[in-house]
Amino acid sequence: MVLKKLIRNPISLIGLIILLGFILVAILAPVIAPLPEDVLARNPNADPYRIPRYGFASTPTPPSKEHPMGLTEGQLDIFYGIVWGTRTAFKVGLTVISISCLIGIIIGSVSAYIGGKFDEIVMRFVDIFMSFPFLIAAIVITTILGRGLENVMLAMILFRWTGYARLIRGNVLQVKQDEYVMAARAAGVSHIVILIRHILPNTIFPVIIQASMNMGSIVVTAASLSFLGLGAPEGYADWGQMISYARNWILGAPGNPLAYWYTVVYPGLAIILFVLSWNLIGDAFRDIMDPKLQG
Amino acid sequence: MAVAKKGELLLDVRDLKKYYPITKGLFRKTVGWVKAVDGVSLQVRKGETLGVVGESGCGKTTFGLSLMQLIEPTDGKILYNHKGNWVEVNAKTIKGLRSEIQMIFQDPYSSLNPRMRVRDIIAEPLAANGVTNRTERYDRVESLLKAVGLGSHHMKRYPHEFSGGQRQRIGIARALSVNPSLIVCDEPVSALDVSVQAQVLNLLKDLQKEFGLTYVFVAHDLSVVQHISDRIAVMYLGRVVEMGDVEQIYNAPKHPYTEALLSAIPSPNPDVKDNKIILTGDVPSPANPPQGCAFHPRCPYATERCRTERPELVADENGHSVACHRAEELMLKGVDVGETA
């Protein structure tokens, strides 16, 4: 039903096709970009998320037949990094979104449903979380817990759920005044069932739309943290990391500003397309999820 | 109506009050109270319809919701005759009484969950009151839909596929599902077109006969309650100012407020001269009701006594009660029952 409408809408169709491409790349990563044989020969259990290295020269190598997108400084294969980085992007995006969404929905809806002083206290708590500048908070957390993708995800979850909690709280406050909630209470339905059957189905869609829009920005945030050196470890297949390898080469060589274009364009393109696809789908979701438009 | 009078009491409300605090400042200090319902006492007999009338803000809806314990009353007692035993309706006992007392809501557009199918909406009170078998529930829903003039082909549809009148029928079926004795109707037709209002009112009347229901029928429209009620209670600023049989209220109102309400009923006959009593001013704020009789600032007959002393509700030998100091001396104009029907 929903899928049919997503396909019929040209804008979301584009988003869907791009996203489908990324999903395919993520699934087929071992086929598209297998670990080179010499790495496997040395260590059959080598971590495929480690980008293979083809030398130690500090200047990037332009695209060639063996390395279609070139090599970064330190001679890491860009094509390999982007293919396996797709998996990282999905892993980070889906984990952060689903967990922070779940926390936000539970806390926000229960707080609004109970209301009164309880709601007041919970929302001030949310305010406290929201008052931290996210990047600084993330830096503090990774400093305490150490560098790593998991810690970056934890930091993002810790500071993302508040947005969803606020969003759903506002919706629940509105819906809980509706007469059908009153009618359910008059029927003797328990509070937990009212929340799950009556309130959440009528409040959750804006949150889901928000979440699908955020998928892209989560990946950008993860990339920027990796760019700052907080995220994935050295040599890990991650788009943000790929761009951070391009940091010294973005301006090109003297007299030739485009000399090292491949170091930044390919990973940048991957991030842009990923974010774009989620935003296009999120936009289309918003129209589709309106029950009044359901046939 | 005389038959209804003899009936056994089903509901006995004693001095029901609902006050809302007015809070101010950072610490929510209570600076006053809005007396939405301020000491309502009334009885409802089995099988009759009690109409509760009043203008917006007089507390009639709050009164209805308090009966259902959807709003917790501040004070007072609600006694319900549960198969011969008097039970006090409160937050604890209401759970066991949900299948006895049900409610029909005002707005059929917001009283049905837009994401639930009609059969699940109607079956919900059943599910919540111990009918665990799904087929049994849906069988009951099917017969209920027929009883309210819809069909079994409507079961799988969503509320937005129905018109206002049909939606209200769904709401009625939901209230009927658990076989209640008492139904609180909170302005069930005020959101509907006039033509549909009559259909729904007739349906409610038919269902009352068929299932032996008792209604507390809240409305702001005297012409609507006249059609369906046996007795009427007129509310003003959280209090009952007059209560009696339909004939008593319509033919011989004793309270000036009732007289004004009656004169406002539009007549379909263009030859009838309008003698509308236009009340000046607004309903006073229930947070700060006037001294004495709450109606005195708008009452054309007010005297010095009305400004200082609050009249109590007093019943005459025919069961017609009124809260007015001048009830005996005033000759108020009613309307002919039947003329406006």
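Proteins get letters first, then strands, A, B, ... in listed order; numbering begins at 1 in each.
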Q.
Shorter than 4.5 Å, heavy atoms on both sides: which option in I104(B), D120(B), L97(B), L70(B) has the most such pairs with chain A?
A. L70(B)
Determine the minimum heavy-atom distance between [X] and [Y], stating which atoms define it.
{"X": "Q102(B)", "Y": "A186(A)", "answer": "NE2-O, 3.2 Å"}
{"X": "P114(B)", "Y": "Y180(A)", "answer": "CD-CE2, 3.6 Å"}
{"X": "A128(B)", "Y": "A187(A)", "answer": "CB-O, 3.6 Å"}

Does [atom1] belonging to [X] count more than 12 external heavy atoms closer than 6.0 Å?
{"X": "F132(A)", "atom1": "CZ", "answer": "no"}
{"X": "F125(A)", "atom1": "CZ", "answer": "no"}
{"X": "E88(B)", "atom1": "CD", "answer": "yes"}
{"X": "I11(A)", "atom1": "CD1", "answer": "no"}

Q) Is the closest side-chain heavy-atom distance between N113(B) and R197(A) below 4.5 Å? A) no
**Q.** side-chain contact (heavy atoms from CB on, under 4.5 Å) evaluation trace for R115(B) with F205(A)
**A.** CA-CA 12 Å; R115(B) 290 187 191 273; F205(A) 286 105; 3.4 Å; yes
Checking [X] against chain A: side chain, backbone, both or neither under 4.5 Å from a heavy atom?
{"X": "L65(B)", "value": "side chain"}
{"X": "L112(B)", "value": "backbone"}
{"X": "Q69(B)", "value": "backbone"}

Q) Taking E179(A) for the side chain and D107(B) for the main chain, is one N or O donor matched with an acceptor at less than 3.5 Å? A) yes
Q) Can you tell me how far the CD1 atom of I71(B) sits from the CE atom of M182(A), to the nearest 0.5 Å? A) 6.0 Å
